[in-house]
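So that the names make sense, note that chain A is the first sequence line, chain B the second, and so on, each numbered from 1.
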Amino acid sequence: MQTSVRSHHKNNKVDRAATLLKACISLPQLKQIHAFIFRSNLHQNKSLASTLVSLYAFHSFPRYTHLVFSSVSNPNLSLFNHSIRAFSKIPSHCIQSIHLYLQMIHNGIKPDNFTYPFLFNSCAALSALHHGTEIHGRIIRSGFGSYLPVCNSLIDMYGKCNALDRSYDVFDEMSEKDVVSYNAVLGAHAKLGEDMSRAQQLFDHMPVSNVISWNAMIVGYVNGSDLDSARAVFDRMPERNVVSWTTMLVGYTKHGLVGSARDLFDAMPQRNLISWTAMITGYAQNGQPGEALALFHRMEEARIKPDAATMTSVISACAQLGGTELVQWVGSYVDQKGIERNERVLTALVDMHAKCGNVEEACRLFKEIPQPDVFSYSALITGLASHGHGIKALEIFRKMQASDIEPDDITFVGVLTACSHTGLVEDGLRFWESMVKNYLIEPGADHYACIVDMLGRAGQLEEAHRLVRSMPMGPHPGALGALLAACRTYGNVQIAESVAKQLFELEPENSGNYILLASIYASREQWEEATKVRVAMKEKCVNKLPGCSWI
DNA sequence: TTAGGGTTAG
C-alpha cells in the first residue's frame with residue numbers, strides 16, 4: 001500500500017517535470033528544471049533523461065548532454081537513440097554518437113530503425129566513410145534495410161562522403177523510393193558538381209519533385225561551374241522559396257559575379273539571416289569590403305541579428321579596409337553582442353589584427369583557439385611574416401608541423417614570405433623543396449613571387465631571373481615586379497630591361513613599373529633612357545597614378 | 001531521412 005502511494009507520488013513528480021521540460025525555452029530554465037529533477041531523485045528516469053539530453057543538444061550544450069546520459073546507470077534503447085540523435089545535432093560532437101553506438105552494441109542493446117538515420121548524419125558530418133560502411137553492413141545483416149528513412153540517410157551519408165557510386169548502389173537496390181531518396185541522390189551529385197547530365201536525367205524522370213529537388217539541381221550546376229544552366233533551372237522553377245533565391249545568389253558570388261548576386265538580392269521577395277550573410281560574404285570575398293560593411297549596416301537597420309558566420313565575413317571586410325577605428329569597432333561589437341567566439345571568428349580576428357600589425361593581439365587571440373586548424377595557423381603565419389616577424393612566423397610553422405596540421409599552399413606563401421623578409425635564403429629554398437616533394441603542393445604564382453623576391457633581395461638576380469622564366473603559368477606580375485625591384489637595389493640594367501618589357505605588356509597602366517625602370521636608368525646615369533621611359537609612362541598612364549587606379 | 005551563408009594569399 002505504502003509502496004503504491006510512494007510510486008504514485010513519484011509519478012506525479014515525473015509528470016510535473018515532463019510538463020516543465022515541454023514548456024522550457026531557455027538554457028537557464030533548462031538548468032533549473034534539471035536541478036529540480038536531480039533534487040527529486042528522478043535523474044535515473046530514462047524518459048526524463050532522454051528529454052534532457054535532447055534539450056541540452058538543442059541549446060548546443062554538449063557537456064551536459066553527456067553528463068545526463070552518463071548519470072543513468074542502465075541506459076535503454078530509447079535513451080541511446082535520443083543521445084545519439086542529440087550528439088548528431090552538434091557538429092563538433094558527432095564522434096560521440098558513434099562512440100555511443102559502439103557502447104550500445106557492447107551493452108547488448110540492438111539498434112533499431114530510429115538509431116541509424118542519426119548515426120548516418122554523424123558519419124556524414126565527419127566524412128567518416130569507414131564507420132558508415134561498417135554500420136551499413138550491420139543494417140544488411142539485421143534486416144533494417146527495408147526502412148525508407150534508413151536507406152535515404154544511407155544515400156545521403158555516402159553522398160556527403162563524396163561516394164556518389166555508393167549512393168547509387170543503395171538507391172538502385174531500393175524496391176520502394178520516395179522523393180527524399182531521389183533528392184538525396186541529387187544532393188550527392190550537387191555536392192560534387194559532377195555528372196550533371198546524369199543528375200538531370202534522374203531529375204527529369206522523378207515521379208514527384210519538390211522545391212528541394214530543384215534547389216539541388218541549382219547547387220549541382222553551380223558546383224559544376226555551369227551558371228547558365230543553374231540560372232535556367234532557377235528561372236523554370238514552379239515555386240521558389242528563400243533557399244532557392246539564396247542558393248542562386250551564392251552561385252553568383254562563388255564565381256565572382258557579385259553584381260548579378262546583388263540584382264538577385266534586391267529582387268528577393270524575402271530575406272533571412274542567411275541571405276544577408278551570403279551577400280555580405282560575397283562582397284567581402286570579392287574585394288569589395290566597403291560594400292560588405294554598407295550592407296551589414298543595412299542589415300542592422302532591418303533588425304536582423306548577425307551571427308558568428310555573418311561576423312566572420314564582416315571581420316574579414318574590416319581586415320581588408322584596415323584602420324584603428326574599424327578594427328576597434330568590430331572587436332567590441334563581437335564582445336558586446338555576445339557573438340560566439342568559434343574557431344572561424346577567432347581566425348578572422350587573428351588575421352585582422354595581424355594584418356594591421358598588432359602582432360601581440362593576434363597571438364593572444366590565437367591562443368584562444370582550442371584546436372587551431374590550417375586556416376588559423378596560416379592567418380597567423382602570413383600576418384607575422386608580412387610584418388617583419390619572420391623568425392616568429394617560422395616558429396609557429398614548426399609548432400604547426402608538430403601538431404600534425406597539414407599546411408596548404410597558403411601556409412607556404414606565409415612561410416616563404418617569412419624567409420624572404422628575414423633573408424633566410426637557404427631555409428627558404430629548403431621549404432620550397434619540401435613543399436613540392438613532401439607536401440605535394442603545386443607551386444603557384446605567389447610562391448614563385450616569394451622565392452624570386454628572396455633571391456632578388458639576396459642579390460642572386462641571375463638565379464631569380466632563371467626561375468621567373470621557368471614559371472609554368474607564364475610571366476606573372478608579382479614575380480616580375482619583385483625581380484624588377486631587386487634590379488633597382490643592385491642596379492642591374494640588363495635584367496631590368498627584359499623584365500620591364502614583359503611587365504609593360506602585362507600591366508601597361510601600372511605606372512610603378514615605369515618609375516622603377518626609369519630610376520634604374522637614372523642610378524646608372526643613363527638620362528636619355530630614363531626620359532624615354534617617363535614619356536612612355538605619360539602616354540599610357542594618363543591620370544592613373546598609383547593608389548588611384550582602383551577608383 | 002533530403003536543399004542555402006563563414007576564416008588564411010607577394
With no angle test and no hydrogens, is the base of [N] tied to the side chain of [X] by a donor-acceptor pair under 3.5 Å?
X        : N     : result
A:Thr247 : B:dG4 : no
A:Asp409 : B:dA9 : no
A:Asp307 : B:dG5 : yes
A:Ser378 : B:dT8 : yes
A:Asn272 : B:dG4 : yes

Nearest-neighbour nucleotide for the [X] side chain, [options] considered:
X        : options              : result
A:Pro117 : B:dT2, B:dG4, B:dT1  : B:dT1
A:Ile274 : B:dG6, B:dG5, B:dA3  : B:dG5
A:Val413 : B:dG5, B:dA3, B:dG10 : B:dG10

Calculate the interatomic distance between [X] atom [atom1] and [N] atom [atom2]; express it in whole Å.
X        : N     : atom1 : atom2 : result
A:Leu202 : B:dT2 : CG    : P     : 18 Å
A:Met279 : B:dG4 : CE    : C1'   : 15 Å
A:Tyr377 : B:dA9 : OH    : C1'   : 19 Å

>> Is it the case that the ring center of A:Phe412 lies less than 6.0 angstrom away from the ring center of A:Tyr439?
In response: yes
>> Taking the ring centre of each residue, are A:Trp276 and A:Phe265 less than 6.0 Å apart?
In response: yes
>> Salt bridge or not between A:Glu395 and A:Arg398? Use side-chain N to carboxylate O under 4.0 Å.
In response: no
>> Does B:dG5 have OP1 or OP2 under 4.0 Å away from a side-chain N or O of A:Gln285?
In response: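 So the side-chain polar atoms of A:Gln285 never come under 4.0 Å of the phosphate oxygens OP1 or OP2 of B:dG5.
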> Would you say the side-chain atoms of A:His476 pair up with the backbone N or O of A:Gly478, donor to acceptor, closer than 3.5 Å?
Replying inline: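 Side chain of A:His476 to backbone of A:Gly478, a donor-acceptor pair under 3.5 Å: yes, one is there.
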